[in-house]
Amino acid sequence: MTHMNAIIVSVGDELVLGQTVDTNSAWLSAELAAVGCGVSEHMTVADDQIAIERAVRRAVGECDVLLISGGLGPTEDDLTRQALAAVMGVELLENAGWIAELEQFFSARGRPMPTANRIQAMIPRGATMIFNACGTASGIEAEMEGSGFRVQGSGTERTEYQTTSLSPEPRTPNPSCHLFVMPGVPKEMKVMFARDVLPKLRTAGGGGVILSRTLHTFGLGESAVAERLGTLMRRGQNPSVGTTVANGVVSLRVNARFGSADEARRELEQTAGQCRAALGELVYGEDGQTLSEIVAALLKRDAATLTVTTAESCTGGLLAKMLTDIPGSSAYFHRGWITYSNQAKHELLGVPAELIAQHGAVSEPVVRAMADGARERAGADYALSISGIAGPDGGTPEKPVGTTWVGLAKPNGIAARRFVFPGDREFIRDRAAKMALTLLRFELLGQRTPF
């Protein structure tokens, strides 16, 4: 079957300046996937008519559906409707029906309608007005010719316009593009999209659907994960498999695009299963699951809940926070220690002062003693300890910034591992806490870490 392809354009100075996060594009992409419409690109442009015109001209030749949000307000910097009219080569016309709606809107609030709001009833000649149930900016629907051309007036004259595709495989220029312009206010946009835009796209899509699954891993870098996946990540496959990295977590995104939900679900499950088989227990969870949730579930999986305590230095309580982020964490976490100074390690955990003097606070003997002291004092089944150099200062040639020792005291002994984490202070501390959770996770699984 033929699949639709979309481009999403978000308009606003506040977006390009980083003052506001563009949540509209992410939400629209998820909604489009449900009706089998893939998204090839997100574009963000300023409140500048020329920039908006340029974005529209390029997009219409490269997609079946163009969704634009923003720039429909009543002020001088709201220029989307003007830009669209310029690209179409037509004038703006006032929609009498929407003028009446605006007058009623302000009358109901006991105010006269400001003259500036009349612009919100202006739409390009030949386009269709979309009713706004939540605000004053009407939406716009139009059919535009693609194939690298832009419409000039109502006649047949066209001016050639070069377009460049950013997708890995060049697309055949589309003969036409269905365009929808919606307000930038998320609440208004979502209501308009659900009521007036989505039903049309669902019909045009022929019942197709895109289903997705995200698998999360921690401990190996992105390239190492990709190497284990091998041909599963080959481009052009359906379902497709790609990787992303955020806060040290390497995630696999599996997307299945098929004609029916049943077929997409079946193929998605099969490919996700192949990814799990290739990576084994390196995959700790999927979709919205966190590493903390998975470790909590392992601690509570038996009739008698296992307990864990913490002894932290460079992470300053971050590990304890991760463990207690989960509701009901008091069942497995009773107490922990932040022993930032050498004196605190000695007084609170019983780490011998001579051990610290001989080996330094960031060392295997000290981190093992921290874990042992914490487990004994807390009466816990497990104890996790962390001591490291988070930076930006304090590193030496022998112990550079990022050097971290993680200890794990357990019923049958104590283990410790050294890591050198890259990045800034925040990243090193976050990575160290997650690594401690990961070592505990593999211990609870009864498996050796695969890295």
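Salt bridge annotation for Glu41-Arg58: present, with a cationic side-chain nitrogen under 4.0 angstrom from a carboxylate oxygen. The residues Asp325 and Lys321 are annotated as salt-bridged, a charged nitrogen and a carboxylate oxygen being separated by less than 4.0 angstrom. Residues Lys190 and Glu31 are not paired through a salt bridge, judged by the lack of any N-O separation under 4.0 Å between the basic side chain and the carboxylate. Salt-bridge formation is not detected for the pair Glu312/Arg429: no Lys NZ or Arg NE/NH1/NH2 atom is positioned less than 4.0 Å from an Asp or Glu carboxylate oxygen.
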Before you tell me yes or no, could you show the steps for Phe193 and Trp27 under ring-ring contact (aromatic ring centres under 6.0 Å, His included), namely the whole-Å CA-CA distance, both residues' side-chain angles and the distance that decides it to 0.1 Å? CA-CA 11 Å; Phe193 179 84; Trp27 186 87; 5.7 Å; yes

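No donor-acceptor pair under 3.5 Å is formed between the side chain of Thr217 and the backbone N or O of Leu282. Of the possible donor and acceptor atoms, none in the side chain of Ser329 sits under 3.5 Å from a partner among the backbone N and O of Pro327. Using modelled atom types, one side-chain atom of Asn5 and one backbone atom of Glu62 make a donor-acceptor pair closer than 3.5 Å. Using modelled atom types, no side-chain atom of Arg213 and backbone atom of Asp287 make a donor-acceptor pair closer than 3.5 Å. Looking at Asp13, its side chain does come within 3.5 Å of a backbone N or O of Asp47 through a donor-acceptor pair. A side-chain donor-acceptor contact under 3.5 Å links Thr203 to the backbone of Pro199. Panel note: side chain Tyr332, backbone Leu323; a donor-acceptor pair is recorded below 3.5 Å. No donor-acceptor pair under 3.5 Å is formed between the side chain of Asn238 and the backbone N or O of Ala256. Asp424 places a side-chain N or O within donor-acceptor distance of the main-chain N or O of Phe427, the cut-off being under 3.5 Å. Thr231 places no side-chain N or O within donor-acceptor distance of the main-chain N or O of Arg234, the cut-off being under 3.5 Å.
Between atom CD1 of residue Ile428 and atom OG1 of residue Thr315 there is a gap of 12.0 Å, rounded to the nearest 0.5 Å.
Side-chain contact check for Asn24 and Ser10: no donor-acceptor pair (N or O, by modelled atom type) lies under 3.5 Å.
Applying the side-chain contact (heavy atoms from CB on, under 4.5 Å) test to Thr307 and every residue at least two apart in sequence or in another chain returns His334, Ala380, Asp381.
In terms of heavy atoms, Leu67 sits closest to Val65 at CD2-CG1, 3.9 Å.
A centroid separation of less than 6.0 Å is found between the aromatic rings of Phe180 and His178.
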